[in-house]
Novice: 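Have a look at the structure that comes next, please.
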Amino acid sequence: MKKTILTAALLTVLGTTTAMAAPVNTMANNETAIGVGTKESYIEHKFTPKLTAGYQYVDRDQYNKQNDIYAQYDLVGSHVKAVAGWRNKLPGDKSNVYGGIAVSTPAVLGFEAYASYVKGADFGETQVGLNKSLIANVDLNINYHNFAPDNGHHENGIGAGVTVKF
């Protein structure tokens, strides 16, 4: 019964999602994460004990297919990160360098909460979410995402995805 309810809830979330960014992952040195959601996919790798680099592809409703190249630098343990990146195909066909911050909680009973905010010259983006460890290297992610360009249509909604780490 519980599995049926969880499956129905997950399918409902997936059906109502607008767009979602990559979740904030806590990774070990030399670990790679590959994730997919309803309208996005990403890959990131932790190259040093503090530096993670990644690529994300998002198919937004109003703004075509956006590509991000980004880096995260651990400031406090692995739970507070500085974020910097570049995104193309913003409203008006602009490209933007952006920066921001991401924070996450230590995992408790397989749950890890997080929040992130990035700002470019022409947009701001906020995400809050929860990663749930399903098995040793697979996480379920559920989040609320708000993409707010200075000019154009804002996109927000609830998203879901799966991440595999190796």
Novice: Measure across T26 and E112 and return the closest heavy-atom pair with its distance rounded to 0.1 Å.
Specialist: OG1-OE2, 2.6 Å
Novice: If I take atom CG from residue N151 and atom CG from residue D122, how far apart are they, to the nearest 0.5 angstrom?
Specialist: 7.0 Å
Novice: Give, for atom NZ of K132 and atom CZ of F111, the distance between the pair rounded to the nearest 0.5 Å.
Specialist: 4.5 Å
Novice: Can you check side chain to side chain contact (heavy atoms under 4.5 Å, CB included) on N131 and Y114, steps first, answer last?
Specialist: CA-CA 8 Å; N131 292 324; Y114 67 88; 3.8 Å; yes
Novice: Same cluster for V128 and Y117 if Ile/Leu/Val/Met/Phe/Trp/Tyr side chains link at under 4.5 Å?
Specialist: no
Novice: Between F47 and H45, does the ring-ring contact (aromatic ring centres under 6.0 Å, His included) criterion hold? Intermediate values first, please.
Specialist: CA-CA 6 Å; F47 287 96; H45 182 77; 4.6 Å; yes
Novice: Check the pair Q56, Y70 against side chain to side chain contact (heavy atoms under 4.5 Å, CB included), reporting the backbone distance first and the verdict last.
Specialist: CA-CA 8 Å; Q56 173 182 238; Y70 60 90; 4.0 Å; yes
Novice: Taking atom NE2 of H145 and atom OG1 of T126, what is their separation to the nearest 0.5 Å?
Specialist: 8.5 Å
Novice: Between E44 and Q72, is there a side-chain heavy-atom distance shorter than 4.5 Å?
Specialist: yes
Novice: Would a 4.5 Å heavy-atom cut-off, applied to side chains only, mark K65 and Y57 as touching?
Specialist: yes
Novice: To the nearest 0.5 Å, what is the distance between CG (N141) and OG1 (T163)?
Specialist: 6.0 Å
Novice: For a 4.5 angstrom cut-off between non-hydrogen side-chain atoms, does Y144 reach N156?
Specialist: yes
Novice: If you compare all heavy atoms of Q127 against all heavy atoms of N143, which two are closest, and at what distance to 0.1 Å?
Specialist: OE1-ND2, 3.0 Å
Novice: Show me the pairs that pass salt bridge (Lys or Arg N to Asp or Glu O under 4.0 Å) and involve residues 74-83, at least two apart or across chains.
Specialist: K46-D74, D74-K81
Novice: A side-chain contact here means heavy atoms from C-beta on lying under 4.5 Å apart; do V80 and I101 qualify?
Specialist: yes
Novice: Identify the heavy atoms of V24 and S116 that sit nearest to each other, and give their distance.
Specialist: CG2-CB, 4.1 Å
Novice: Is there side-chain contact between K119 and E125, with heavy atoms separated by less than 4.5 Å?
Specialist: no
Novice: Check A33 against N25 and note the closest heavy-atom contact, atom names and distance.
Specialist: CB-ND2, 4.0 Å
Novice: About how many Å separate CH2 of W86 and CD1 of I69, when rounded to the nearest 0.5 Å?
Specialist: 5.5 Å
Novice: Could you tell me how the ring of Y98 sits relative to the ring of F123: parallel (under 30°), tilted (30 to 60°) or perpendicular (over 60°)?
Specialist: perpendicular
Novice: Of all heavy-atom pairs between T48 and L51, which one has the smallest distance, and what is that distance?
Specialist: OG1-N, 2.9 Å
Novice: How long is the span from the OG atom in S104 to the CG atom in L130, to the nearest 0.5 Å?
Specialist: 11.5 Å
Novice: Taking the side chain as everything from C-beta on, heavy atoms only, tell me whether F166 gets closer than 4.5 Å to E31.
Specialist: no
Novice: Is any side-chain heavy atom of T52 closer than 4.5 Å to one of Y73?
Specialist: no
Novice: Would you indicate whether I135, at its atom CD1, is surrounded by more than 12 heavy atoms from other residues, nucleotides or ligands within a distance under 6.0 Å?
Specialist: yes
Novice: Just by distance, do the side chain of N88 and the backbone of N67 share a donor-acceptor pair under 3.5 Å?
Specialist: yes
Novice: Give the C-alpha distance, both sets of side-chain angles, the deciding distance and a yes or no for salt bridge (charged side-chain N to carboxylate O under 4.0 Å, His left out) between D68 and K89.
Specialist: CA-CA 10 Å; D68 277 12; K89 297 184 181 174; over 6 Å; no
Novice: For K165, is there an ion pair with D139 - N to carboxylate O distance below 4.0 angstrom?
Specialist: yes
Novice: If hydrophobic clusters are built by linking Ile, Leu, Val, Met, Phe, Trp and Tyr wherever their side-chain heavy atoms come under 4.5 Å apart, do V97 and Y55 end up in the same one?
Specialist: yes
Novice: How about P23 and Y42: do any of their side-chain heavy atoms sit closer than 4.5 Å?
Specialist: yes
